[in-house]
Amino acid sequence: MGVAEQYKNLRDEIDQVCIACGRAPQDVVLVAVSKTVGIAEVNLALEAGAKDFGENRSDELVKKHQACPSAQWHFIGNIQSRRIADIVPCAHLIHSVYKAEHLPKIQEAAQRAGKVQNILLEVNSGEEQKDGIQPDMAFDFAEAASRLNNVRLCGLMTMAPQGDLNEARRCFKALRLLRDEMASAGVVDSSVFRELSMGMTEDWRQAVEEGATLIRVGRAVFSSEFA
Ligand SMILES: *Cc1c(COP(=O)(O)O)cnc(C)c1O
């Protein structure tokens, strides 16, 4: 089975899980994480109907964005300050922002590029994970973001600890509750603060059931291990 078939089978399965839990399939965007493959595989997925792709390194994001400008490129990796100026012109959505000190740099790069940069706030879901903000700091971050005209905070992102699907579900549910709490506290624009980026190859089913609007799946699309 090739990339095209793997992508289509996965998208069908996502649609089935959505329907089984009473959600509309179009409310869950599949971000195909192409960090381990090249442009040829991205093109196979594009031809199979994929539109959204995720990268975790700025150099790969820039390269693939240039090669495949019709795709929507998502940045999902660790953000290095000095790479923000490279990431912003290429990224439809940056999922992995959690340092308030990066916000002015994103603002500056977005202004220069003549765009409003969509971002998500990455939330730390456990001790073994080093990245992400602590949930109680999310409100201050949202307030800082709301003061920047070229930055739009669209929701939250997390990575669950791997290996325990019940624990993953607990993290996903906590992320949904935090989103809803922030929206009702009025610290965010609730008409745009809707996204939950959560779920990967191992745990996307649990994430969809708990309300994910974006799932970031790499191996199930691109690795022959999942063919
Ligand atoms: C690699 C990666 C993914 C995809 O992981 P798979 O297990 O291959 O689906 C999702 N999110 C982030 C942040 C990643 O780095």
Side-chain angles (χ1 to χ4, degrees), residues 1-14 17 28-38 41-42 44-45 48 50-65 71-80 83-84 87 90-99 102 118-133 154-165 167-169 171-172 174-176 195-227:
M1 186 161 59
V3 166
E5 206 178 344
Q6 258 173 263
Y7 172 82
K8 284 185 195 154
N9 288 349
L10 176 63
R11 188 63 244 189
D12 283 347
E13 204 191 331
I14 294 164
V17 171
V28 179
V29 171
L30 168 55
V31 178
V33 177
S34 49
K35 66 190 181 192
T36 61
V37 298
E41 287 85 353
V42 169
L44 291 174
K51 290 189 189 67
D52 292 85
F53 293 86
E55 286 291 331
N56 68 342
R57 290 180 40 169
S58 58
D59 51 350
E60 280 291 305
L61 175 78
V62 169
K63 194 178 86 184
K64 287 178 178 140
H65 172 262
Q72 294 198 124
W73 289 95
H74 297 246
F75 190 74
I76 63 170
N78 181 43
I79 297 173
Q80 293 175 287
R83 298 293 186 201
I84 287 173
I87 294 168
C90 303
H92 168 68
L93 177 64
I94 305 176
H95 293 228
S96 45
V97 186
Y98 67 94
K99 291 182 178 161
H102 287 160
N118 294 321
I119 66 166
L120 303 177
L121 170 58
E122 180 172 357
V123 177
N124 188 294
S125 274
E127 283 157 27
E128 58 198 273
Q129 194 203 344
K130 55 185 193 307
D131 295 337
I133 202 165
C154 301
L156 302 174
M157 178 275 225
T158 203
M159 285 176 80
Q162 298 289 285
D164 179 346
L165 293 176
E167 178 60 13
R169 184 185 293 281
C171 294
F172 298 150
L175 198 73
R176 167 163 52 84
E195 308 297 342
L196 291 173
S197 169
M198 54 191 198
M200 322 199 316
T201 292
E202 306 283 353
D203 54 17
W204 67 262
R205 294 171 189 80
Q206 287 73 24
V208 167
E209 287 168 4
E210 296 300 333
T213 63
L214 296 144
I215 59 174
R216 310 176 309 271
V217 181
R219 288 171 296 147
V221 177
F222 293 110
S223 164
S224 56
E225 197 190 327
F226 289 84

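It should be emphasised that the depicted structure is a prediction, and the values quoted were computed from it without experimental measurement. Just so you know, ligand 1 is whichever comes first in the structure, and atom 1 is the first atom listed for that ligand.
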Is there a side-chain contact between Arg216 and His74, using heavy atoms and a 4.5 Å cut-off?
no
Any carboxylate oxygen within less than 4.0 angstrom of a Lys/Arg side-chain nitrogen, looking at Glu209 and Arg169?
yes
Is any side-chain heavy atom of Phe75 closer than 4.5 Å to one of His65?
no
Identified side-chain contact (heavy atoms from CB on, under 4.5 Å) counterpart of Gln6 within the set Met1, Arg11, Arg219
Met1
Which protein N or O atoms sit under 3.5 Å from any N or O of ligand 1? Give each pair with its distance.
from, atom 1, to, atom 2, distance (Å)
ligand 1, 7 (O), Arg219, NE, 3.2
ligand 1, 7 (O), Arg219, NH2, 2.9
ligand 1, 8 (O), Arg219, N, 2.9
ligand 1, 8 (O), Arg219, NE, 3.4
ligand 1, 9 (O), Thr201, N, 2.9
ligand 1, 9 (O), Thr201, OG1, 2.5
ligand 1, 9 (O), Gly218, N, 2.8
ligand 1, 11 (N), Arg216, NE, 2.9
ligand 1, 15 (O), Lys35, NZ, 2.8

Looking at Ala160 and Asp203, what are the two nearest heavy atoms and their distance?
CB-OD2, 3.9 Å
With the threshold set at 4.0 Å, does a side-chain nitrogen-carboxylate oxygen contact exist between Lys63 and Glu60?
yes
